[in-house]
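Atoms within each ligand, like the ligands themselves, are counted from 1 in listed order. Just so you know, these numbers use all the heavy atoms, side chains as well, and skip hydrogens, waters and symmetry mates. Position 1 is the first residue of the sequence, and the numbers go up from there.
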Amino acid sequence: MKLIIKQTNQEASEAAAQIITDQIQQKPNSNFGLATGSTMIPVYQLLVENHVDFSQSVTFNLDEYIGVEPTDEESFHYYMRHHFLDKLTHPPRQMHVPRGMGDEEANVLQYLQLLLIHPVDLQLLGIGSNAHIGFNEPGCDFNQGVHIERLSQSTLDANKKDLGKMVPSKAITMGIADIMRAKSILILATGEHKAQAIAAMFEGPVTNKAPASILQRHPNVTVIIDQAAASKLQRAQ
Ligand code: GLP
């Protein structure tokens, strides 16, 4: 894994936006795997401000809450439209977000097939403070593809700020097997509350207790963090 430590959150977001922009320049028709969460908001904002041309690309989001309508403000569908799609000068050709409403099994199968047909060139990832990626929680099966995951209490507590009165207990998520198929992965984490998860991902053993640790086995991962998120790394001291 390639590690880039920036002084501030803003500089880390700029570095991440630059890697996405470089990917578009090298391959305008790239397939992007996209993530939600507050960490990504400044990255999407920079891509919007810089009028990056996504018009030949297709995007695939990691996950969505179960039982949340795409039009609900708490949904990842809404997040993506609000922070990215509706604001871009040159939006992607297609934007896919897994469906959180309707037949769960059919939705899982449909998304899995979509990902198998369209290999992801660059997968953008955030990380939960319990080291989850997508919604693959501690204890997850590394061999699983798209599936329905029961959300941990710590994840629900961490995401409470964005959930209002909603208390979803499950999510549909890309599995670790889907994430590991991406040709390249960019993981961004900022803030001290992510420092433990970053240390576990980077320096801990590969274990499903810290799902992000599996990324040590991927051949092309770039990790961008700020000083605060780097504060528990041995090698950064
Ligand atoms: C959610 C998403 C993850 C994201 C994580 C961190 O649980 N499913 O993909 O990485 O939150 O979010 P934040 O950036 O808000 O800390």
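Taking any N or O of Gly128, backbone or side chain, none lies under 3.5 Å from an N or O belonging to ligand 1. Annotation: Thr36 places no N or O atom under 3.5 Å from an N or O atom of ligand 1; distance criterion only. Checked against a 3.5 angstrom limit, the closest N/O atoms of Ser38 and ligand 1 fall inside it. Considering both main-chain and side-chain atoms, Lys194 comes within under 3.5 Å of ligand 1 through a nitrogen or oxygen pair. For ligand 1, the polar-atom distance check finds no N/O of His193 at less than 3.5 Å from any of the ligand's N/O atoms.
The only option from Ile4, Asn9, Thr8 that meets the side-chain contact (heavy atoms from CB on, under 4.5 Å) definition with Lys6 turns out to be Ile4. With Thr173 as the partner, the side-chain contact (heavy atoms from CB on, under 4.5 Å) test is satisfied by one option alone out of Gln144, Glu64, His147: His147.
Under the 3.5 Å distance criterion, the side-chain polar atoms of Asp226 are left unmatched by any main-chain donor or acceptor of Ala12. Looking only at distances, no side-chain donor or acceptor of Gln227 sits under 3.5 Å from a matching main-chain atom of Ile5.
When each atom of ligand 1 is checked for a heavy atom of Thr39 under 4.0 Å away, the hits are 13 (P), 14 (O), 16 (O). Of all atoms in ligand 1, numbered sequentially from 1 with element shown, those under 4.0 Å from a heavy atom of Gly37 are 12 (O), 13 (P), 14 (O), 15 (O).
If you take NE2 on His218 and CD1 on Ile176, they are separated by 11.5 Å, rounding to the nearest 0.5 Å. Between the OG1 atom of Thr155 and the CG atom of Asn130 there is a distance of 4.0 Å, given to the nearest 0.5 Å.
The protein heavy atom nearest to atom 1 (C) of ligand 1 is Asn159 ND2, 3.5 Å. Taking atom 8 (N) of ligand 1 as the reference point, the nearest protein heavy-atom neighbour is Asp63 OD2, 2.8 Å. Counting protein heavy atoms only, atom 6 (C) of ligand 1 is closest to Ile127 O, 3.6 Å.
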Walk me through whether Leu125 and Val221 qualify under side-chain contact (heavy atoms from CB on, under 4.5 Å). CA-CA 10 Å; Leu125 290 179; Val221 178; over 6 Å; no
I'd like to know whether Gln10 forms a side chain to side chain donor-acceptor pair (under 3.5 Å) with Glu14, so could you lay out the CA-CA distance, the side-chain angles of the two residues, the decisive distance to 0.1 Å, and finally the verdict. CA-CA 6 Å; Gln10 178 63 21; Glu14 282 166 12; 2.9 Å; yes
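In this structure, Gly134 has a heavy atom closer than 4.0 Å to ligand 1.
Using a 4.0 Å cut-off between heavy atoms, His132 contacts ligand 1 through its side chain alone, with no backbone atom that close.
Taking each of Ala158, Gly126, Ala189, Ala212 in turn, the one with a heavy atom nearest to atom 10 (O) of ligand 1 proves to be Gly126.
Side-chain contact between Gln123 and Asp178 is absent, with no heavy atoms from C-beta onward closer than 4.5 Å.
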